[in-house]
Number of protein chains: 2
Amino acid sequence: MTEQGNGAVLRMIRDGRGVTRADLAAVTGLGRSAVASRLGPLLASGLVVESDDGVSTGGRPAMVLRFNRAAGVLLAADLGATHCRVEVTDLAGEPLAAAADDLDIERGPDAVLGHVLDRTARLLERAGRDARDVAGIGVGLPGPVEHATGRAVSPPIMRGWDGFSVPAAFAGSYAAPVVVDNDVNIMALAEQRRCWPGVRHLLYVKVGTGIGCGIVADGEVYRGAQGAAGDLGHLRVNGYDSVVCRCGNTACLEAVAGGAALAAALRERGLEATGSRDVGRLARGAVPEAVQMVRDAGRLIGEVLAGAVNLLNPEVIVVGGDVADAHEPLLAGIREAVYRRSPPLATQQLRIVRGELGERTGAIGAALLALDGVLSDEAVDRAIAAAAT
Amino acid sequence: MTEQGNGAVLRMIRDGRGVTRADLAAVTGLGRSAVASRLGPLLASGLVVESDDGVSTGGRPAMVLRFNRAAGVLLAADLGATHCRVEVTDLAGEPLAAAADDLDIERGPDAVLGHVLDRTARLLERAGRDARDVAGIGVGLPGPVEHATGRAVSPPIMRGWDGFSVPAAFAGSYAAPVVVDNDVNIMALAEQRRCWPGVRHLLYVKVGTGIGCGIVADGEVYRGAQGAAGDLGHLRVNGYDSVVCRCGNTACLEAVAGGAALAAALRERGLEATGSRDVGRLARGAVPEAVQMVRDAGRLIGEVLAGAVNLLNPEVIVVGGDVADAHEPLLAGIREAVYRRSPPLATQQLRIVRGELGERTGAIGAALLALDGVLSDEAVDRAIAAAAT
DNA sequence: GGAAGTTTCGCCGACGGCTGGCCTAACTTG
DNA sequence: CAAGTTAGGCCAGCCGTCGGCGAAACTTCC
């Protein structure tokens with residue numbers, strides 16, 4: 001073990017890698033008293049609690065150490081193009097109170113974040129907490145984000161957001177650090193941490209109104225130079241040069257196989273479908289046109305994904321989003337195309353699965369991202385110092 | 001500064017970030033005596049040398065610290081499909097002796113590495129060094145490599161190499177650690193470290209007989225789950241479904257725009273071209289068919305690269321390889337297609353340039369990779385301990 | 001040329017964090 | 001209930017680090 005700070009010890013307790021003082025000494029390589037000197041402040045600040053329900057292995061039973069997930073709360077906001085989900089969670093990311101409603105991101109940062117602030121205040125009250133309990137804030141945005149500063153950058157949708165600093169909007173109400181990221185990035189993070197903890201290379205593909213992709217490379221979210229990485233929706237698909245995308249280009253995957261495009265195609269055939277959610281609903285309802293259309297869309301997505309598999313060689317591809325909830329046909333189409341187009345070495349271990357976290361995916365990711373900040377060595381030391389006063 | 005070990009101090013001296021003891025104290029944040037305690041063993045082992053040519057700034061002039069690049073040598077081997085370049089370099093990666101010859105990788109690991117061992121022995125002698133001076137060994141292979149173990153895995157070419165452990169082949173002759181990687185990965189590393197030190201996200205595209213791509217993500221070589229990342233050559237290009245690739249699939253970029261394919265097409269038109277090198281030669285010679293063909297190939301490569309730009313959002317794309325030496329037409333085609341197909345945010349900062357390191361690229365990368373191992377804290381401590389005996 | 005000012009660098013006492021032995025507490029086992 | 005086993009607080013001793021002190025090696029000014 002290289003890391004041995006207060007935060008590292010706390011993370012080990014949380015992860016179940018250190019349940020007793022003896023465990024921690026063994027895992028960190030530190031002596032017993034060094035462990036005790038970390039533990040002292042952690043116990044005093046309430047971040048870690050002891051309980052005497054340890055089992056004896058033939059001698060005095062060890063005190064069991066537990067991460068006190070109730071020592072603070074996280075605010076998680078998942079903003080989509082037309083929806084807004086806000087959660088107050090404990091320090092393990094479990095929701096204490098949640099609210100989801102329709103909200104058009106194009107109403108601009110002031111209106112949207114005003115709504116979010118209003119919601120968080122009410123949810124905090126419902127959870128019986130106040131602003132001082134907030135330890136971290138995570139926000140997911142449906143566009144490129146400069147992660148270091150929390151600013152939206154040149155978003156293709158999200159009019160009025162360009163250059164807007166999200167942390168600044170929270171600064172007045174909460175003292176906690178604010179981390180902002182692209183929505184698919186945090187979804188990828190959520191699936192990787194929650195469902196595939198051992199997997200270091202994962203792609204999360206969101207098939208909703210549009211198509212996006214979050215990349216986890218070497219266990220970390222990969223953002224690229226301008227935070228624009230993972231833009232799968234505007235890769236070119238074969239044979240659709242006449243289809244014009246909202247981005248101005250032609251033959252973009254999203255313009256052909258995105259939820260909005262599929263809904264439009266279904267409407268042309270006389271079916272009732274206003275958005276991507278309806279596409280999922282119809283396909284789940286085994287409406288033949290919808291099922292076939294979703295499967296065809298899966299093939300196209302798979303063809304593009306095959307390229308991503310060649311380039312990135314992931315272990316797992318998680319497919320989520322409204323349309324993916326029509327799962328089997330979509331996944332079947334994706335698998336078919338990926339396994340046909342990618343080389344054996346890259347596909348022999350590759351698993352292509354459906355996302356398991358449902359509509360909470362984004363909020364979970366936002367909470368996890370916030371949590372990473374909260375459990376860093378520096379933040380833990382700050383929390384300890386604050387509790388001591 | 002977070003890192004403060006012996007190796008970190010050594011790397012700072014090498015990078016010119018710490019020229020005097022005072023510099024090192026400032027950069028590391030350590031006190032003077034702590035710096036001195038690192039420096040003592042480094043000076044004693046000969047890895048760092050002092051000279052008294054410091055300039056006074058009004059007082060006693062500081063002793064100037066220099067990384068002693070002559071304290072050992074590195075062996076760098078760049079193995080391609082049909083060539084083999086071996087270098088003995090100093091600890092800065094500057095060549096002391098080099099040899100390049102044609103060698104078919106399909107002759108198998110024993111024959112090929114036997115040849116490499118034979119060459120290294122002769123080059124060492126020419127450089128006036130012996131096997132005990134070898135501090136690290138870097139090897140580039142034209143196929144997927146399990147980097148942690150140095151084994152070739154399921155290479156599409158390289159018959160007989162599957163599962164072969166390259167480090168084992170060197171173990172008998174040299175005590176130094178052996179690091180093995182894919183050839184394009186080390187080329188990407190070479191260009192990033194030597195020509196684009198501030199750039200954290202870079203793609204190196206090699207257009208030779210085949211087409212490959214090395215990815216530097218967040219400053220590190222990205223290898224993917226099975227070491228198969230960056231396989232650009234077998235992405236699909238539009239409208240070439242009748243072209244069968246040696247990989248068994250159709251419409252692979254490499255089968256359409258690779259050097260071998262271009263050479264074949266030129267032969268069909270009655271020109272003399274046996275391999276990718278001839279394609280470059282003819283295009284440089286302004287033979288109209290060759291120039292046009294290379295430019296068209298550039299467009300196709302660019303179309304595929306546009307997808308990679310969307311996904312990975314790099315800052316720089318470096319193009320190298322035999323065909324790239326026909327530079328302008330190829331690069332023009334690539335730029336044209338990438339800037340047309342990729343979104344503004346990803347391209348506004350993107351630079352697409354030709355590789356500057358020429359035929360030494362792979363060997364430089366192999367040396368740099370070996371060097372990373374040699375200058376790690378652990379390796380430095382080992383070297384110090386060894387010198388003390 | 002010499003005195004004063006400036007900067008480098010080795011030496012050494014003080015200090016703080018860590019280790020591991022010792023002792024007591026709290027169990028199980030026979 | 002005694003013997004054996006494990007947990008955890010306490011403390012002496014160790015090691016690495018900091019920073020003051022003074023010698024050394026310069027420049028600058030008179």
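Below, chain A is the first sequence line, B the second, and so on; all start at residue 1.
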| field | Distance in Å, E315(B) CD paired with H201(B) NE2, rounded so as to fall on 0.5 Å steps | value | 6.0 Å
| Do R38(A) side-chain and dG17(C) base share a donor-acceptor contact under 3.5 Å? | no
| task | Please tell me if the side chains of L42(B) and V380(B) come closer than 4.5 Å, counting only heavy atoms from C-beta onward. | result | yes
| task | Look at R66(A) together with E50(A) and state whether they make a salt bridge at an N to O cut-off of under 4.0 Å. | result | no
| Does R21(B) make a side-chain N or O approach to OP1 or OP2 of dG10(C) shorter than 4.0 Å? | yes
| message | What is the distance, to the nearest angstrom, from the CG atom on N6(A) to the C1' atom on dG17(C)? | response | 13 Å
| request: Anything under 4.0 Å to a heavy atom of chain B counts; send over the first and last such nucleotide of DNA chain D, read 5' to 3'. | output: dT17(D) to dT27(D)
| remark: dist I13(B):CD1 -> R21(B):CZ (nearest 0.5 Å) comes out at 9.0 Å
| Would you say the base of dG10(C) and the side-chain of S33(B) have a donor-acceptor pair closer than 3.5 Å? | no
| message | Categorize S37(A) for me: base, sugar-phosphate, or nothing, with a 4.0 angstrom heavy-atom threshold over every strand shown. | response | sugar-phosphate
| query | So does R360(B) pair up with E191(B), basic N to acidic O under 4.0 Å? | reply | no
| task | Would you kindly compare R32(B) and A22(A) by the position of their nearest DNA chain D nucleotide and give the one closer to the 5′ end? | result | A22(A)
| remark: Of A62(A) and V35(B), the one whose nearest nucleotide on DNA chain D sits closer to the 5' end is A62(A)
| Which residues, if any, of residues 50-61 of chain B bring a heavy atom under 4.0 Å of DNA chain D? | S56(B), G58(B), G59(B), R60(B), P61(B)
| Can we say D377(B) and R382(B) salt-bridge, meaning some charged N sits less than 4.0 Å from an Asp/Glu carboxylate O? | no
| remark: Heavy-atom closest pair (D181(B) atom, I186(B) atom, distance to 0.1 Å) is CB-CG2, 3.8 Å
| request: State whether D90(B) and R129(B) are salt-bridged, where the test is any N-O pair (Lys NZ or Arg NE/NH1/NH2 against Asp/Glu carboxylate O) under 4.0 Å. | output: no
| note | Taken to the nearest 0.5 Å, the spacing of L91(A) CG from D133(A) CG works out to 9.5 Å
| remark: The nucleotide from dC9(C), dC12(C), dC18(C) with an atom nearest the side chain of A34(A) is dC18(C)
